[in-house]
Number of protein chains: 2
Amino acid sequence: MRSELRKAGGEESLQPVQLQALVYLSRANRYSNTPQALADYLGLTKGTVSQTLLLLDRRGLIERFEDDVDRRVVRLRLSTSGERLLYETQPALPWQNATRNISPNRVRNAVSALREALMTLQQDNEATTFGDCQSCTWCQKLSQRIYRCGQMGDRLSGPETRKICRIYAPKVEEVT
Amino acid sequence: MRSELRKAGGEESLQPVQLQALVYLSRANRYSNTPQALADYLGLTKGTVSQTLLLLDRRGLIERFEDDVDRRVVRLRLSTSGERLLYETQPALPWQNATRNISPNRVRNAVSALREALMTLQQDNEATTFGDCQSCTWCQKLSQRIYRCGQMGDRLSGPETRKICRIYAPKVEEVT
DNA sequence: CGCATTAGTATCGTCTCGATACGAAGTTGT
DNA sequence: ACAACTTCGTATCGAGACGATACTAATGCG
């Protein structure tokens with residue numbers, strides 16, 4: 001995994017963390033596109049992440065702008081060239097290819113087992129968990145296309161419910 | 001995974017790579033306890049690994065000694081305090097605990113799927129594969145307790161066949 | 001209003017890592 | 001035997017990662 005990440009970023013002379021930050025930002029929802037959320041996601045301090053963001057900003061891969069209501073908060077998003085870089089790099093592609101000889105069913109089972117292990121690990125470490133609305137306790141379906149986050153009280157579009165969120169609370173699956 | 005590795009090493013003020021190097025050396029067989037093998041394993045250059053080893057040596061966690069036949073080669077092994085550090089740190093423990101709510105059968109299936117994916121990924125990258133004798137093409141069983149590596153021509157004890165080897169050639173499993 | 005809290009930045013020192021250059025030991029070809 | 005090449009490891013340098021610490025600014029709470 002280390003080599004893969006380094007190679008993918010190396011072509012654009014990006015460090016592994018920088019690439020991971022870009023991937024995160026491409027998938028973060030409106031509650032999760034801040035430096036602090038990225039720090040929690042990567043398991044780094046906010047100071048460290050601040051430096052990474054400075055660098056990505058200087059390279060024009062991200063944009064930083066103020067939050068409307070809380071003026072301490074910085075919002076982050078990929079710039080056009082940041083999105084293009086991700087599109088051209090396709091960091092996930094080697095991993096997808098690696099499963100080509102494995103039946104979809106086995107892949108599904110393995111993924112679900114890994115997801116459970118991750119959740120247990122995160123609970124043991126009292127770490128922030130990230131996930132999308134589909135498996136989140138707070139998510140309410142209002143209509144065919146409109147959802148609502150019961151925690152924040154906002155309405156969410158369909159596409160937004162597939163992004164990752166820092167205030168994720170996994171539904172407890174009833175398995176005996 | 002990043003956080004976990006950093007935390008485990010942090011208690012002994014070891015960087016993630018340094019801890020990974022120690023774990024590798026604790027499991028490397030006689031063909032694989034060299035700086036170059038470690039570099040291949042970690043996916044780093046030999047120069048980088050050389051620096052890591054220098055540091056581990058200064059801290060007394062490893063020992064370096066010359067090879068008998070090829071005097072360019074440096075052999076590596078954990079020192080007593082290196083082994084003690086690994087024993088006290090137990091870097092794998094959090095991962096084992098993370099699977100405690102998953103049935104052994106699901107874990108086995110997920111592990112085998114991951115192993116296959118890793119093999120495919122490594123083949124795609126033409127990377128060196130590492131593994132133990134149990135699933136290696138070269139391994140011959142001579143008697144109850146004595147094995148032989150068909151590639152190198154050496155006899156191997158039972159415990160040595162459970163270490164990881166850089167000249168590993170996975171048996172092709174006949175699955176249709 | 002004063003005070004604690006929170007989001008983010010700035011700076012410093014230690015370490016990682018690749019690139020490059022190097023030396024020493026082994027190998028190959030003639 | 002000897003020159004040319006290769007392989008194993010080390011040394012050094014610069015960009016960057018990372019945590020620790022200290023700081024500013026905005027918010028919230030009494």
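What you see below is based on every heavy atom in this structure, not just the backbone, and it leaves out hydrogens, waters and symmetry mates. Chain A is the first sequence line, chain B the second, and so forth, proteins listed ahead of strands; every chain is numbered from 1.
Under 4.0 angstrom from either OP1 or OP2 of D/dT7 there lies no side-chain N or O belonging to B/Arg72. Contact check, B/Arg2 against D/dC18: a side-chain N or O comes under 4.0 Å of OP1 or OP2.
A/Asp154 and A/Tyr31 share a donor-acceptor pair across their side chains, judged by distance under 3.5 Å alone. In summary, the side chains of A/Arg106 and B/Ser112 do present a donor paired with an acceptor at a separation below 3.5 Å, with no hydrogens or angles considered.
When rounded to the nearest whole Å, the span between CZ of B/Arg71 and P of C/dG23 equals 18 Å. With rounding to whole Å, B/Leu76 atom CG is found 13 Å from D/dT10 atom C1'. Per the geometry, CG belonging to B/Leu5 stands 15 Å off C1' belonging to C/dC15, to the nearest Å. As a whole-Å value, the separation of A/Gln36 CD from C/dT9 C1' is 13 Å.
Considering only residues two or more places apart in sequence or on other chains, A/Tyr41 meets the ring pair (Phe, Tyr, Trp, His ring centres under 6.0 Å) condition with A/Tyr24, A/Phe130.
Under 4.0 Å is where a charged nitrogen must lie from a carboxylate oxygen, and between B/Asp132 and B/Arg162 no such pair does. Salt-bridge check for A/Arg100 with B/Asp124: passed, with a basic side-chain N closer than 4.0 Å to an acidic carboxylate O.
Shown for residues 13-33 of chain A: no residue has heavy atoms falling under 4.0 angstrom of DNA chain C. Proximity of residues 38-69 of chain A to DNA chain C (heavy atom under 4.0 angstrom from any strand atom) is restricted to A/Lys46, A/Ser50, A/Gln51, A/Arg64.
Closest to the B/Arg6 side chain, of the nucleotides C/dG26, C/dA7, D/dG19, is D/dG19.
Within 6.0 Å of atom CZ in A/Arg155, 12 or fewer heavy atoms from other residues, nucleotides or ligands are found, so the atom counts as exposed in its surroundings. Crowding of B/Tyr87 atom OH: a count of heavy atoms from other residues, nucleotides or ligands under 6.0 Å not exceeding 12.
Side-chain atoms of A/Glu88 never come within 3.5 Å of backbone atoms of A/Leu85 as a donor-acceptor pair (strictly under, hydrogens ignored).
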